[in-house]
Amino acid sequence: MSHDTLQRPVRTGPAAGTDPAPRRRKHWSGRANPLAGLGSVLWLAVVVVPVYAMISASLTHQSEALGHNALKPPSHPTLDNYETVLHNGFGHLLWNTVLAAAAVVAIVLVLCVPLSYVAVRTRSIWSGAAFRLFLLGVAIPAQAVVVPLYLMIAKLDLYDSLLAIILPTAAFAMPVSVLILTGTLRDISEDLYEAMALDGASPTRMLFQLVVPLAKGGISTVVVYAALQAWNGLLFPLIFTQSDGPRVLTLGLFNYVSEFGVNIPALLASVVLSGVPIFVVYLVARRALVGGLMGVGGK
């Protein structure tokens with residue numbers, strides 16, 4: 001017998017450079033949690049039912065508003081209430097509110113981002129003391145200082161103007177914004193700062209080329225938070241404005257409240273229209289918002 005006949009055949013695997021057959025993924029099979037599911041359904045009902053009742057009531061006639069069942073769809077839905085709102089100065093109120101919210105967000109970002117950066121990167125007693133002193137604003141309610149604020153606004157000749165709404169709202173939104181941003185900036189790795197320092201980057205360059213891109217989650221959280229404070233604020237517009245010129249949406253709701261009654265469907269239609277823009281902002285930034293609130297916005 002020759003050597004060739006004695007040689008046993010060798011089994012060959014897959015060719016070199018080719019991947020073996022993919023393994024099947026193991027699907028994670030966890031236990032069902034009926035308690036968590038029940039809680040989710042209850043929470044969904046708590047959120048959805050009032051919104052549904054509000055929209056349903058806004059589609060009813062004024063004559064049927066008081067006797068209408070909130071959970072029952074309107075028998076004869078109408079858009080007259082929305083037409084009434086749109087022809088009752090809603091555009092002017094919306095424009096003032098958008099301006100106030102945009103100005104508040106701009107002021108908060110311009111001041112709080114550098115302030116949080118300094119609080120995180122500066123290792124000094126004075127920086128820590130200033131940061132703690134600044135955060136005392138979280139414990140001070142706006143109602144406690146409304147009289148001194150009124151006197152300051154009057155002396156600065158800002159009464160009955162949009163600035164009288166913008167400046168206090170931004171001031172009271174800053175402590176929480178700094179708290180959120182400092183938590184986000186602490187998640188940025190120290191190695192990244194050292195790498196940019198070795199490249200000769202200045203603190204200003206680090207702020208704009210490193211901190212701001214990696215802190216999008218916290219910044220988005222601050223944007224939504226500050227915008228909500230300006231959008232839903234009632235105390236400052238009520239105290240610091242008087243005429244129709246600087247009036248915002250929260251004060252515009254009083255247009256449907258008179259001495260002899262309340263136009264409930266029109267009032268709720270105004271609330272629905274007022275909530276649409278800020279809801280759109282939330283939809284755009286919801287992922288970054290949740291990440292920032294969970295403290296992982298910088299990762």
Residues that Glu190 engages under salt bridge (Lys or Arg N to Asp or Glu O under 4.0 Å), provided they are two or more places apart
Arg121
For the side chain of Trp231 and the backbone of Ser274, is there at least one donor-acceptor N/O pair under 3.5 Å apart?
yes
Mind checking salt bridge (Lys or Arg N to Asp or Glu O under 4.0 Å) for Asp244 and listing every partner two or more places apart, or none if nothing turns up?
Arg247
Worked check of side chain to side chain contact (heavy atoms under 4.5 Å, CB included) between Tyr256 and Asn88:
CA-CA 10 Å; Tyr256 310 103; Asn88 200 21; 3.5 Å; yes
Looking at Ser116 and Val113, would you say the former's side chain and the latter's main chain have a donor-acceptor pair under 3.5 Å?
no
Any chance CG of Leu35 has more than 12 other-residue heavy atoms, nucleotides or ligands included, within less than 6.0 Å?
no
Tell me whether Val110 shares a hydrophobic cluster with Leu115, the cluster being built from Ile, Leu, Val, Met, Phe, Trp, Tyr side chains joined at under 4.5 Å.
no
What verdict does the side chain to side chain contact (heavy atoms under 4.5 Å, CB included) test give for Leu167 and Ile107, after you've listed the backbone C-alpha separation in whole Å, the side-chain angles of each residue and the deciding distance to 0.1 Å?
CA-CA 9 Å; Leu167 296 179; Ile107 292 173; 4.2 Å; yes
Does Thr97 reach the main-chain N or O of Leu93 with its side chain, forming a donor-acceptor pair under 3.5 Å?
yes
Would you say the side chain of Val211 lies within less than 4.5 Å of the side chain of Tyr193, judging by non-hydrogen atoms?
yes
Checking His92 now: which residues fulfil side chain to side chain donor-acceptor pair (under 3.5 Å) with it, not counting sequence neighbours?
Asn96
Restricting to pairs with a member in residues 96-120, which pass ring-ring contact (aromatic ring centres under 6.0 Å, His included), not counting sequence neighbours?
none
Distance in Å, Thr169 OG1 paired with Asn232 CG, rounded so as to fall on 0.5 Å steps:
11.0 Å
Roughly how far, to the nearest 0.5 Å, is CD1 of Ile219 from NZ of Lys216?
9.0 Å
Check whether more than 12 heavy atoms from other residues, nucleotides or ligands sit under 6.0 Å from atom CZ of Phe208, and answer yes or no.
no
Between Tyr82 and Ser58: side-chain donor-acceptor atoms closer than 3.5 Å:
yes
N/O donor-acceptor pairs under 3.5 Å from side chains in residues 143-160, not counting sequence neighbours:
unit_1	atom_1	unit_2	atom_2	d
Asp160	OD1	Gln242	N	2.8
Asp160	OD1	Ser243	N	3.1
Asp160	OD1	Ser243	OG	3.2
Asp160	OD2	Ser243	OG	2.8

Donor-acceptor check, side chain of Thr250 to backbone of Gly233, threshold 3.5 angstrom: yes or no?
yes
Donor-acceptor contact below 3.5 Å, side chain Thr182 vs main chain Leu179:
yes
Gap between atom CG of Leu238 and atom CG of Leu234 - 0.5 Å precision:
5.5 Å
State which residues pass side chain to side chain donor-acceptor pair (under 3.5 Å) with Asn263; sequence neighbours excluded, sorted by chain then number.
none
